[in-house]
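Predicted model only: the values in this text are computed from it and were never measured. In listed order, ligands and their atoms are each counted from 1.
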Amino acid sequence: MTAKVLVRLDRVTRDFTMGEVVVNALKETTLEIFEGELLVILGPSGSGKSTLLNILGGMDQPSSGEMWFGGRDLSRSGDAELTRYRRNEVGFLFQFYNLISDLTARENVELAANLVEHPLPADQILTEVGLADRMDHFPSQLSGGEQQRVSIARAAVKNPRLLLCDEPTGALDYQTGKLILGLLAKVNQEHGRTVIIVTHNTAIAAMAHRTARMRSGRIVETRVNPAPVAPERIEW
Ligand code: ADP
Ligand code: MG
């Protein structure tokens with residue numbers, strides 16, 4: 001693992017105000033994301049995992065603190081720059097796939113490809129995730145696992161620096177979940193992409209280069225995994 005920092009959070013917080021109540025979803029958080037690493041973020045429901053991931057992906061902005069990407073502090077940049085970051089540098093994977101239902105698998109992937117200047121070939125990426133013969137199917141004609149593979153292709157086609165996955169196996173059965181994790185490991189290893197997986201399934205930590213544990217809006221521990229395990233060999 002290289003030690004080059006890709007993204008750096010410096011004392012980032014995120015508060016949500018609901019009427020008279022303020023929820024401190026993310027308390028002062030300092031974290032470095034290293035280029036090429038596979039980081040697994042663990043924590044119970046409500047601990048702030050999605051809040052952290054959304055900030056890392058430029059989908060949300062901190063209430064205070066800084067987020068550095070390259071030489072830029074994105075927490076101080078305007079909407080246009082944040083949009084550019086989200087569009088060009090980040091791929092997202094969600095628990096419920098978030099595909100566009102009236103576009104085919106190929107069209108979903110091409111739509112993402114069209115957003116960036118140097119996309120990878122859509123057909124090639126769909127083939128890599130095992131969907132060569134499903135490209136012209138609509139999401140409703142695909143299983144959950146197949147839809148999640150389309151989502152991986154949609155994220156990977158942009159060739160993003162950072163692939164952010166929020167509970168990517170949360171809606172899938174055991175075997176399919178492991179298949180998806182295997183594909184994410186492949187994106188990390190073969191394409192050298194930085195991958196962050198958020199999960200409440202502690203077993204998934206075994207595949208990580210590094211884990212971060214969250215509790216009540218804080219990262220309470222980060223740990224390097226000296227011997228990451230292939231997802232096929234993980235059991236839960
Ligand atoms: P996790 O992903 O670990 O389950 P979240 O980051 O989704 O946790 O949420 C952390 C806390 O912030 C929770 O208490 C949640 O209710 C609150 N929260 C998250 N998003 C919002 C929002 N948009 N508005 C208000 N509260 C929110
Ligand atoms: Mg969440």
Kindly check if the number of other-residue, nucleotide or ligand heavy atoms within 6.0 Å of [atom1] ([X]) is above 12?
| X | atom1 | value |
| --- | --- | --- |
| R86 | CZ | yes |
| D133 | CG | yes |
| R72 | CZ | yes |

Pick whichever of G46, G217, S216, S50 has a heavy atom sitting closest to atom 13 (C) of ligand 1.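 Nearest heavy atom to atom 13 (C) of ligand 1 lies in G46.
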Practice prompt. Using heavy-atom distances, let me know which of K49, H200, M214 sits nearest atom 3 (O) of ligand 1.
Written response: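 Answer by nearest heavy atom: K49.
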Between V198 and P168, what is the shortest heavy-atom contact and its length?
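It is O-CD, 3.7 Å.
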Between [X] and [Y] (salt bridge meaning N to carboxylate O under 4.0 Å), is one present in this structure?
| X | Y | answer |
| --- | --- | --- |
| D136 | R106 | yes |
| E32 | R8 | yes |
| K178 | E235 | no |

N159: which of H118, H191, R193 passes side-chain hydrogen bond (donor to acceptor under 3.5 Å, both in side chains):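 Among H118, H191, R193, the one that satisfies the side-chain hydrogen bond (donor to acceptor under 3.5 Å, both in side chains) with N159 is R193.
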Note to self: Below 4.0 angstrom, counting only protein heavy atoms, does anything approach atom 16 (O) of ligand 1?
What the structure shows: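 Under 4.0 Å from atom 16 (O) of ligand 1, zero protein heavy atoms found.
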Tell me which protein heavy atom sits closest to [atom], plus the residue, atom name and distance to 0.1 Å.
| atom | value |
| --- | --- |
| atom 5 (P) of ligand 1 | T51 OG1, 3.7 Å |
| atom 12 (O) of ligand 1 | A25 CB, 3.2 Å |
| atom 14 (O) of ligand 1 | V23 CG1, 3.9 Å |
| atom 23 (N) of ligand 1 | F16 CE2, 3.5 Å |

query: Any nitrogen or oxygen of M18, main chain or side chain, under 3.5 Å from a nitrogen or oxygen of ligand 1?
result: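 By distance alone, the answer is no.
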### Message
Any nitrogen or oxygen of G48, side chain or backbone, less than 3.5 Å from one on ligand 1?
### Response
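N/O-N/O distance below 3.5 Å exists for this pair.
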Q. Within the stated cut-off of 2.8 Å, is an N/O/S atom of S45 closer than that to the Mg ion (ligand 2)?
A.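 No N, O or S atom of S45 is closer than 2.8 Å to the Mg ion (ligand 2), so no.
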Looking at P44, which atoms of ligand 1 are within less than 4.0 Å of one of its heavy atoms?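 Reading through ligand 1 atom by atom, the close ones are 3 (O).
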